[in-house]
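Please read the structure below before turning to the comments.
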Amino acid sequence: MDEPDPRVAAIVAATIGIDSHNHIDVPFAKAEVPGPDIDLASELKKSGLSAICMTFAVDRPELHIPGEAYERSMNALASMDNQLVQNGMKRALNMADLNAAHKKHQPTVIQSVEGGHFLEGHLERVEEAYNRGLRHLGLLHDNDASVPLGDVYTNPVRWGGLTAFGAEVIKECNRLGILIDLAHANTETVTAALKIAAHPVIISHTSDEIGKIGGGNFCRVFEAATAGPR
C-alpha cells in the first residue's frame with residue numbers, strides 16, 4: 001500500500017475528525033453481554049479520527065414486548081461499558097473531552113443511541129441515559145417507538161410530524177446537554193423540531209429530501225448542545 005501523502009496526514013493531524021454515525025455491534029440479550037471483544041482503540045487510531053459517535057438501534061429485530069426496548073438498551077450500554085474498559089477508553093462528555101482526545105492523540109467515543117424506543121413514554125429515562133454517558137440522541141429510527149416521537153420519512157405519515165412526547169424529549173435533551181439528531185425524520189417532523197429546539201441539532205444521515213443541518217461543523221454544534229444542564 002502506498003504511503004499516505006504527508007500533506008493529507010498534516011491536515012488529519014490538525015483536524016478534530018468525528019464520524020457522526022458509527023454502529024458498534026453489541027448484544028441486546030443479557031446472557032450475551034458483553035459480546036466479542038472489539039479492537040476499537042487500534043481501529044480508531046488507524047482511521048485518524050479523533051472520535052466516533054458510537055451508536056446502536058434497538059428496533060431491529062422488531063420490538064413486541066413492553067419493556068423490551070429499555071432492556072435491550074441497558075444491555076447494549078453495559079456491553080459498550082465493557083468494550084471501553086477493555087480498550088482503555090472513556091466516553092467524551094463535552095467539548096473539553098474532545099479537545100483533550102485530539103491533543104493527546106487518544107481517540108474517544110461520543111455515546112449515541114439511534115431512536116428513542118428505550119424511553120417507552122418515560123421522560124425521566126432521558127436523564128438516566130445522560131447519567132450513563134449519552135450525549136447524542138437520534139430521535140427516530142426505522143420503526144415507531146411504543147410511544148411515538150415523530151414521523152419517520154420512510155414510513156407512511158401517521159402522527160402529523162413531531163409528537164407531543166417528541167417535543168418533550170427535545171426540551172429535556174436541551175436542558176441536560178444532549179445533542180439531538182433528526183436523522184430518519186420526515187420534513188414535517190424536522191420543521192416542528194427546529195421551531196422548539198433551544199440549541200443546535202444535526203441530521204447525521206437522511207434522505208435527499210431534507211438535506212443536512214449542522215453537518216458543516218459538528219464540534220461547534222456538539223459544544224453548544226452539551227454545554228451542561230440548564
| said: Under the salt bridge (charged side-chain N to carboxylate O under 4.0 Å, His left out) definition, can you give me all pairs with a residue in residues 42-51, not counting sequence neighbours? | reply: E43-K46
| query | Going by atom types only, do D59 and H141 share a side-chain donor-acceptor pair under 3.5 Å? | reply | yes
| T163 (side chain) donor-acceptor with L149 (main chain) under 3.5 angstrom | yes
| Which residues satisfy the salt bridge (Lys or Arg N to Asp or Glu O under 4.0 Å) test with K103, sequence neighbours excluded? | none
| For S73, all residues meeting side chain to side chain donor-acceptor pair (under 3.5 Å), sequence neighbours excluded | none
| task | Under the salt bridge (Lys or Arg N to Asp or Glu O under 4.0 Å) rule, collect the residues that match up with D5, sequence neighbours excluded. | result | R7
| query | Are any side-chain N or O atoms of N87 and backbone N or O atoms of A41, one a donor and one an acceptor, separated by less than 3.5 Å? | reply | yes
| Quick one: salt bridge (charged side-chain N to carboxylate O under 4.0 Å, His left out) pairs with a partner in residues 23-37, sequence neighbours left out? | none
| Which pairs count as salt bridge (charged side-chain N to carboxylate O under 4.0 Å, His left out) when at least one residue sits in residues 76-97, sequence neighbours excluded? | D81-R91, D81-R132
| said: What verdict does the side-chain hydrogen bond (donor to acceptor under 3.5 Å, both in side chains) test give for N82 and S79, after you've listed the backbone C-alpha separation in whole Å, the side-chain angles of each residue and the deciding distance to 0.1 Å? | reply: CA-CA 5 Å; N82 182 273; S79 298; over 6 Å; no
| Contacts of E172 that satisfy side-chain contact (heavy atoms from CB on, under 4.5 Å) - sequence neighbours left out | L123, V126, E127, R175, L176
| query | Who are the salt bridge (Lys or Arg N to Asp or Glu O under 4.0 Å) partners of E71, not counting sequence neighbours? | reply | none
| Listed partners of R135 passing salt bridge (Lys or Arg N to Asp or Glu O under 4.0 Å), at least two apart | none
| task | Quick one: closest heavy-atom pair of S20 and C53, and the distance? | result | O-CB, 3.5 Å
| field | Side-chain donor or acceptor of S47 paired with backbone N/O of L49 under 3.5 Å | value | yes
| All side-chain contact (heavy atoms from CB on, under 4.5 Å) counterparts of N155, not counting sequence neighbours | V152
| Do any pairs count as a salt bridge (charged side-chain N to carboxylate O under 4.0 Å, His left out) and have a residue in residues 137-166, sequence neighbours left out, and if so which ones? | R60-D142, D144-R158
| request: Could you verify whether a donor N or O on one side chain and an acceptor N or O on the other, from S204 and D181, lie under 3.5 Å apart? | output: yes
| request: Go through the side-chain N and O atoms of Q111 and Y130 and say whether any donor and acceptor fall under 3.5 Å apart. | output: no
| Taking the hydrophobic residues Ile, Leu, Val, Met, Phe, Trp and Tyr, and joining any pair whose side-chain heavy atoms are under 4.5 Å apart, which ones share a cluster with I11? | none
| Judged by modelled atom types alone, do E114 and H136 share a side-chain donor-acceptor pair under 3.5 Å? | no
| field | Expected output: side-chain Q83 to main-chain I38 donor-acceptor under 3.5 Å | value | yes
